[in-house]
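Working notes, beginning with the structure itself.
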There are 2 protein chains.
Amino acid sequence: MTSCGVSQQRKSPADFRRSADVFKALSNPNRLLIIEALSHGERCVADLTGLVGLDISTVSNHLSVLRGVGLVVDDRRGAQVFYTLRNPCVMNMFCCLEEFQAS
Amino acid sequence: MTSCGVSQQRKSPADFRRSADVFKALSNPNRLLIIEALSHGERCVADLTGLVGLDISTVSNHLSVLRGVGLVVDDRRGAQVFYTLRNPCVMNMFCCLEEFQAS
DNA sequence: TTCATTATTTGCCAATTGGCAAATAATGCA
DNA sequence: TGCATTATTTGCCAATTGGCAAATAATGAA
């Protein structure tokens with residue numbers, strides 16, 4: 001894991017707000033489970049509901065949260081809706097977290 | 001930002017729980033502001049209180065949250081308490097987030 | 001020991017979160 | 001159109017969060 005080449009500009013309150021919002025979306029274990037599943041390929045809601053083991057209304061709500069911060073995108077095909085990660089680079093954050101937690 | 005060399009083992013519910021806890025600690029803009037300040041070097045509580053602009057009891061509480069997940073460590077010197085990031089590699093997560101948000 | 005300074009803890013309150021279940025919406029077939 | 005399937009939204013409720021202010025703890029000097 002190397003340093004990233006991101007500029008060191010001063011962050012505005014809105015920047016922190018936006019970052020906090022994404023972290024908040026990630027602050028639920030069931031949502032993390034969903035994201036990890038999606039990192040391996042698209043899944044439909046019923047799939048994810050089976051995986052998470054909660055009521056489908058809850059899973060749908062979690063997916064709505066993830067959609068809200070742009071982590072996932074939905075694709076309706078007939079009665080079914082499939083979800084995918086909008087950008088897999090978010091998994092890099094998990095790698096960073098694992099390194100942090102291993103330290 | 002390159003991929004990290006972390007093993008692909010199956011995560012347990014407790015793993016997701018722990019990850020979610022760290023993300024939760026990061027899900028508040030004022031705590032992000034504190035972390036960013038600490039990434040540049042240690043700061044005392046009064047410093048951070050001035051920076052954040054909230055009541056000192058609130059700042060102390062935020063610092064307690066960060067301590068609880070191991071993001072920061074405290075060092076009491078007399079009446080003052082100084083805080084530092086336990087491991088600066090956590091800043092890599094912010095870099096990943098910025099890349100994600102720029103995508 | 002008293003008093004001042006600094007930081008943490010606690011209590012209060014409003015807002016938010018997360019789970020279930022019901023209600024509603026979207027899709028597709030007969 | 002009616003009905004079935006799938007998913008989303010809404011309502012309810014308990015738990016949690018975050019901010020302020022008061023109470024309490026920790027430190028140090030006189």
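Only heavy atoms go into these numbers, but all of them, side chains included; no hydrogens, no water, no symmetry mates. In what follows, chains are A, B, ... by sequence order, proteins preceding strands, each numbered from 1.
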Cluster link B/F16 to A/L71, ILVMFWY, side chain under 4.5 Å: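 Yes: a chain of side-chain contacts under 4.5 Å links B/F16 to A/L71.
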Option passing side-chain contact (heavy atoms from CB on, under 4.5 Å) with B/I34 (candidates B/L66, B/T49, B/V72):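 Filter result, single survivor: B/L66.
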Whether A/R76 side chain and A/V81 backbone form a donor-acceptor pair below 3.5 Å: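 No: the side chain of A/R76 does not pair with the backbone of A/V81.
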On the nucleotide [N], are OP1 or OP2 found under 4.0 Å from the side-chain N or O atoms that [X] carries?
X: B/T58; N: D/dC20; result: yes
X: B/R31; N: D/dG18; result: yes
X: B/Y83; N: C/dT8; result: yes
X: B/S60; N: C/dT8; result: yes
X: B/N30; N: D/dG19; result: yes
X: B/H62; N: D/dT17; result: no

A/N61 and A/S64: side chain donor to acceptor below 3.5 Å: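 No, A/S64 and A/N61 have no side-chain donor paired with an acceptor closer than 3.5 Å.
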Length of the line joining [X]:[atom1] and [N]:[atom2], which is rounded to integer Å:
X: A/N28; N: D/dT16; atom1: CG; atom2: C1'; result: 13 Å
X: A/D74; N: C/dA25; atom1: CG; atom2: P; result: 18 Å
X: B/F23; N: C/dG18; atom1: CZ; atom2: P; result: 14 Å
X: A/R76; N: C/dT27; atom1: CZ; atom2: C1'; result: 7 Å
X: B/D55; N: C/dC12; atom1: CG; atom2: P; result: 17 Å
X: A/F82; N: C/dT27; atom1: CZ; atom2: C1'; result: 14 Å
X: A/K24; N: C/dG18; atom1: NZ; atom2: C1'; result: 13 Å
X: B/L54; N: D/dT17; atom1: CG; atom2: P; result: 17 Å

Gap separating the OG atom of B/S39 from the CD1 atom of B/I35, nearest 0.5 angstrom: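 The OG atom of B/S39 sits 9.0 Å away from the CD1 atom of B/I35.
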Assigned partner base of C/dA22, Watson-Crick or wobble definition, under 3.5 Å: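 Matched C/dA22 with D/dT9 under the 3.5 Å cut-off.
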Pairwise 5' ranking along DNA chain C for A/I56 and A/A79, keeping only the more 5' one: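 Mapping each residue to its closest nucleotide by heavy atoms, the 5'-most match is A/I56.
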Given DNA chain C, 5'-ward residue of the pair A/G53 and B/D47, judged by closest heavy atom: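 Going by which nucleotide is closer to the 5' end, it is B/D47.
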Shortest side-chain distance from B/A46, nucleotide among C/dA21, D/dA7, C/dA7: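 Ranking C/dA21, D/dA7, C/dA7 by closest atom to the B/A46 side chain puts C/dA7 first.
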Closest-nucleotide 5' rank along DNA chain D - winner of A/S57 and A/Q80: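 On the 5' side of the pair lies A/Q80.
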Touch class at under 4.0 angstrom, heavy-atom based, for A/N61 against every strand present: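 Base, at least one base heavy atom under 4.0 Å.
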